[in-house]
Each structure stands twice: as structure tokens, then as C-alpha cells.
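Positions are given from 1, in the same order as the sequence printed here.
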Amino acid sequence: MESPGPATGAGYFSAPFERFIRDETGAFTLLGKSSAVSSYTMETFFDSRLDLLQRQIQKHSDRLKSKAEEALKKRVQSSDVLAENFDREIKNFKLKVSLRMQNLAESWHSAKVVRTRDKVSFFCSVMSLLVSALLFGLAPQWIHIAYTVQGLYLLPLRAYQYKKRSWHYFLFDLCYYVTILNFIYMWFFPSNTALFMACYGLSHGSLASAVITWRNSLVFHDTDKVTSLFVHIYAPFTFTVIRHFYPNAEDRFPALKALPYLNPFRALLMSGAIYICWQLMYWKFVLVDRRSKIASGQRTTSFSFLLNDKRSAIGRALSTVPPKYRESSFMTGQLVYSLLTELPAVFLLYDSPMWSGAFLLFIFSVSVWNGGGFYIEVFGRKFERELEALRKELADGSNNNNNNGNSRSGRSSPTFTDGESLVGTPLLLAQTLPTTSLDELLAEAESSDKDKDL
């Protein structure tokens with residue numbers, strides 16, 4: 001029996017090698033399994049992420065698709081909507097143009113009415129002045145009748161106008177109170193000497209001096225200014241005529257028989273008593289009972305007007321007084337002022353026709369001077385503003401034509417705004433004004449005037 005020989009090389013390494021092979025096979029199997037698990041994990045992770053990303057992309061895609069469909073629908077309907085909007089804009093433009101033309105026509109009409117009213121006021125005022133002068137020279141016994149007739153027309157008109165403007169508290173002032181007392185004396189108590197002295201003193205004192213204090217002006221076309229001047233100057237004019245120029249005045253006004261000479265102190269006492277009666281009534285019915293309306297600004301009185309007028313000496317003086325003493329200071333100062341302004345009347349004017357005439361001439365001259373200042377300064381500034389507005393209209397019209405390129409043979413039409421018009425220029429002329437500057441137009445007008453003069 002053959003005994004086993006020594007192992008060959010292959011056989012010698014076969015057992016360890018087989019064991020190695022078995023170990024390596026197990027290791028590779030484990031590595032393969034681990035790789036499979038990792039691959040599965042990665043595939044699951046990325047598949048979920050890709051699925052989420054795909055859903056988001058699909059969502060955005062659907063949103064963009066819906067927006068595109070809406071834009072396409074709008075584009076399809078844009079032509080119809082554009083046509084409708086265009087028609088609507090055309091209608092609105094026509095409506096605006098018609099409204100502006102209507103406003104322009106109304107402004108021209110209102111300006112025409114105002115011009116007509118001013119002409120009527122100017123005519124009546126000038127004729128009143130002329131008639132008063134003729135009556136003074138030809139029939140002075142009619143002066144108090146003219147005073148009464150004009151007062152019966154102007155005072156109710158003043159009350160209506162001031163009530164409409166909420167200025168009717170001015171009607172409680174001393175001047176209207178004295179005017180009513182004058183009418184009462186002339187037509188009801190012509191023989192009352194005390195009332196005559198009070199009316200004569202207050203008419204030549206407070207009323208006449210108010211032309212200076214309130215800066216009354218002789219502006220014929222302004223009914224309001226004419227009424228104020230009438231109230232303040234016609235009363236001393238009437239009583240001057242009654243005292244010095246009325247023929248047989250003692251027969252019509254018996255109080256003059258008992259007053260050949262005026263006692264100054266008695267006259268001042270009577271006029272002061274009349275003034276105090278008025279001041280007490282004014283304080284009670286206006287400054288006390290209607291204080292809330294005055295304080296709120298709903299109503300204006302002569303006191304509040306003078307207090308707010310910083311240009312006048314009275315307003316500056318009242319502003320330095322503490323508020324709780326202003327009313328009493330104003331009333332006391334007004335009493336002193338009233339008595340002081342009566343001194344020339346009771347000491348000089350009552351006995352002298354010449355000084356009475358000079359006094360009236362001075363007061364009337366102040367009103368004429370103020371009226372001249374009104375016409376020159378106010379109308380001059382107004383004319384300058386109108387020229388500047390016209391210059392701006394021409395410049396705007398020229399700029400618009402240059403920007404739009406629609407100039408027609410070097411001419412353009414100025415643009416009107418609501419409530420504006422070219423003052424003193426017809427509408428047809430205003431639409432055909434050249435684009436030259438206003439200075440050139442004025443220069444051409446001056447040169448043509450010089451040619452005419454030559």
C-alpha cells in the first residue's frame with residue numbers, strides 16, 4: 001500500500017489558498033451588498049428630489065401657461081377695448097371743451113353785467129354830484145329833500161348788500177345812528193333845539209372826520225364807496241346849508257330861532273349825551289349779546305376791523321392795550337375823539353359861512369384825493385397784472401405750438417383756462433394774436449399812435 005507522498009506545490013498551498021478564497025468571497029459579498037444598499041439609498045433620495053423639482057417646474061409651467069393664455073385673450077380683446085377707451089376719451093374731451101366754453105361765455109357775460117352796473121353807478125353818482133351843486137346854487141331849500149331821497153335809496157341798498165356779505169353789524173355804527181337822527185329832526189322835530197345841536201355837532205364832527213379816518217374815496221363807479229361817502233359828507237353839507245344858506249330857515253326849522261348863537265358847552269353836552277346813549281346800546285346788543293359770533297369770526301364790527309387793521313394808528317394803538325381793556329379803551333377813546341372833532345363846529349363853523357365852506361371843501365378834497373389814488377394805483381396794478389397774464393398766455397401759446405409743430409402761418413391761439421379771459425380783447429382777436437411778444441405789440445401800437453399824431 002502506497003504511503004502518501006509529500007505534497008506538491010499546488011497541493012501544498014491548496015488549503016490556505018482555498019481558505020483565502022473563501023474569506024475573500026465573503027468580503028466581496030459583503031462589499032457588494034453594501035454597495036447595493038448605498039445605490040438604493042442614493043436612488044431613493046434623488047428620485048424624491050427630482051420628483052419634487054419636476055412638480056415645481058410643472059406648477060410654474062402651468063402658471064406661465066395660464067398667464068400666457070390671459071395675455072393672449074387680452075391681446076385679442078385689446079382692439080375692442082382700445083376703441084371703446086378712445087370713444088370714451090373723445091366724449092370726455094368734448095364735454096370738457098363744452099364746459100370750458102360755457103364758463104368762458106359766462107365770464108364774458110358776468111363781466112358785461114359788471115361793466116353795465118359800474119356804468120350805471122358812475123352815471124348816477126356824477127349826476128348826484130351835479131344836481132347837488134345846482135341845488136346849492138339855485139334852490140338850497142331842496143338840499144335836505146335831496147339828502148332824504150338819496151338816503152332812502154342808498155341806505156336800504158347798503159343794508160341788503162351788507163347782510164348778504166355778513167357785514168350788517170357795521171350798520172350799528174354811529175354814522176348810521178346819526179343819519180337816522182338827522183332824518184328824525186328834519187321831518188318830525190324841526191323845532192327841537194337839543195336835537196338840532198346834537199345833529200349839527202355830530203354831523204360836522206364824527207361823520208365828517210370819518211372821511212379821513214375810514215379813508216373814504218370818491219369812486220363814482222363803486223356804489224359801496226359812493227354810499228360811504230354820502231353818509232359821511234352829505235350830512236354836514238345839509239346842515240351847513242340849513243344854518244347858513246337856506247332862505248328863511250327859521251320858518252322851516254324853528255329851532256334856529258332859539259339858536260342865533262351856539263353855546264359850545266351845551267352843544268358838546270347834548271351831543272355827548274346822544275353819543276353815550278348810542279354807545280350803551282351798541283355795547284349791549286352787539287358786543288355782549290353777539291359776542292360769540294364776533295369772536296368766532298362769523299361777524300365783523302368796526303371795532304374788530306380797526307383792531308385788525310395794522311396800517312391805521314387806531315389799530316396799532318389798540319394792539320398795545322391788554323385784551324380785557326380793549327373794548328373799554330376803544331369806547332372811551334371814541335367818545336373823546338367825537339367831542340374833539342366837534343370843537344371846530346361849535347366854536348367856528350356855526351358862526352362863519354366862509355369857514356363852513358372851507359371845511360366842506362377840505363373834506364371833499366380828501367375824498368377826491370383818495371379816489372384818485374384808487375383809480376391810479378388800484379387800476380394801475382390791475383392793468384399790470386392783466387398785461388402780465390396776457391404776456392404769459394402768449395408765451396404759453398407760442399411754446400405749445402413750437403412743441404407740437406402745429407403753427408399756422410406764424411400765428412397761434414392762446415390757451416384759455418376756466419374763468420380767465422383776455423381783458424379788453426375780443427375773443428376773435430384773441431384767437432388770432434401773433435406769436436410776437438407783448439413788448440413788440442405795444443411798440444407797434446405806440447409807433448402807430450405817433451404816426452397818427454404826425
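With sequence neighbours left out, the side chain to side chain donor-acceptor pair (under 3.5 Å) criterion links Asp289 to Lys284. Contacts of Thr193 classified as side chain to side chain donor-acceptor pair (under 3.5 Å), with partners at least two apart in sequence or in another chain: none. Taking the ring-ring contact (aromatic ring centres under 6.0 Å, His included) definition, one finds that His221 meets it with Tyr375, Phe379, sequence neighbours left out. The ring-ring contact (aromatic ring centres under 6.0 Å, His included) test applied to Trp142 returns no partner, not counting sequence neighbours.
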Side chain to side chain contact (heavy atoms under 4.5 Å, CB included) between Leu229 and Val219, worked out: CA-CA 9 Å; Leu229 183 61; Val219 180; over 6 Å; no
Verdict with supporting geometry, Ser121 and Thr223, side chain to side chain donor-acceptor pair (under 3.5 Å): CA-CA 6 Å; Ser121 176; Thr223 305; 3.2 Å; yes
CA sep, side-chain torsions, deciding dist, call: Met281, Tyr177, side chain to side chain contact (heavy atoms under 4.5 Å, CB included): CA-CA 11 Å; Met281 290 188 294; Tyr177 176 75; 3.9 Å; yes
Trace of the side chain to side chain contact (heavy atoms under 4.5 Å, CB included) decision for Leu343 with Leu348: CA-CA 8 Å; Leu343 294 180; Leu348 181 63; over 6 Å; no
Ser356/Arg243 under side chain to side chain contact (heavy atoms under 4.5 Å, CB included): CA gap, chis, key distance, verdict: CA-CA 10 Å; Ser356 296; Arg243 174 67 182 99; over 6 Å; no
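Ring geometry for Tyr162 versus Phe170: interplanar angle over 60°, hence perpendicular rather than tilted (30 to 60°).
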Could you tabulate the donor-acceptor pairs under 3.5 Å formed by side-chain atoms of residues 247-262, not counting sequence neighbours?
unit_1: Arg252; atom_1: NH1; unit_2: Met186; atom_2: O; d: 3.3
unit_1: Arg252; atom_1: NH2; unit_2: Met186; atom_2: O; d: 2.9

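The ring-ring contact (aromatic ring centres under 6.0 Å, His included) test with Tyr147 singles out one residue from Phe237, Trp187, Tyr153, Phe183, and that residue is Phe183.
Taking the six-membered ring where the residue is Trp, the centroids of Tyr185 and Phe196 are separated by under 6.0 Å. Close placement of the Trp278 and Tyr282 rings is indicated, their centers lying within 6.0 Å of each other. Ring to ring, Tyr234 and Phe230 are close: their centroids are under 6.0 angstrom apart.
In this structure, the side chain of Arg299 does not engage the main chain of Lys293 through any donor-acceptor pair within 3.5 Å. Judged purely by atom type and a 3.5 angstrom limit, Asn370 uses its side chain to pair as donor or acceptor with the backbone of Asn216. Between the Ser329 side chain and the Tyr325 main chain, a donor and an acceptor come within less than 3.5 Å of each other. Without hydrogens or angle criteria, Tyr246 side chain to Val241 main chain gives no donor-acceptor distance under 3.5 Å.
Side-chain atoms of Tyr350 and Val346, non-hydrogen and from C-beta on, never get closer than 4.5 Å to each other. Residues Arg117 and Val120 form no side-chain contact, since every pair of their non-hydrogen atoms from C-beta on lies 4.5 Å or further apart. Using a 4.5 Å cut-off on side-chain heavy atoms (C-beta onward), Trp369 and Leu218 make no contact. Proximity of Leu157 to Thr227: side-chain heavy atoms (C-beta onward) are nowhere separated by under 4.5 Å. When side chains are defined from C-beta on, Phe123 does not count as touching Phe220, because their heavy atoms never get closer than 4.5 Å. Within the 4.5 Å cutoff, side-chain heavy atoms of His232 are placed close to those of Cys175. No side-chain heavy atom of Ile180 sits under 4.5 Å from any side-chain heavy atom of Leu155. Residues Leu135 and Pro140 form no side-chain contact, since every pair of their non-hydrogen atoms from C-beta on lies 4.5 Å or further apart.
Taking CD1 of Ile274 as the reference point, atom CG of Leu195 lies at 6.5 Å (rounded to 0.5 Å). Atom-to-atom distance recorded for Phe122:CZ and Met127:CE is 12.0 Å, nearest 0.5 angstrom. The OG1 atom of Thr116 sits 6.0 Å away from atom NZ of Lys119, with the distance rounded to the nearest 0.5 Å. The line from CZ of Phe330 to OG1 of Thr332 is 10.5 Å long, rounded to the nearest 0.5 Å. For the atom pair CG of Asn192 and CE of Met197, the computed distance is 8.5 Å after rounding to the nearest 0.5 Å. Distance check: Asp222 CG to Ser125 OG gives 9.0 Å after rounding to the nearest 0.5 Å.
Between Glu327 and Arg291 there is a salt bridge, since a side-chain N of the basic residue sits under 4.0 Å from a carboxylate O of the acidic one. Taking the charged nitrogens against the carboxylate oxygens, Arg391 and Glu388 do have a contact shorter than 4.0 Å, which makes a salt bridge.
Residues in residues 196-214 take part in these side-chain hydrogen bond (donor to acceptor under 3.5 Å, both in side chains) pairs, two or more places apart or across chains: Asn182-Ser203, His204-Thr240, Ser206-Ser338, Ser209-Tyr337, Thr213-Tyr337.
With 3.5 Å as the limit, one finds a donor-acceptor pair spanning the side chains of Ser302 and Asp173. Side-chain contact, Ser228 with Arg158: a donor N or O sits under 3.5 Å from an acceptor N or O.
Closest heavy-atom contact between Leu207 and Ala235: CD2-CB, 3.7 Å.
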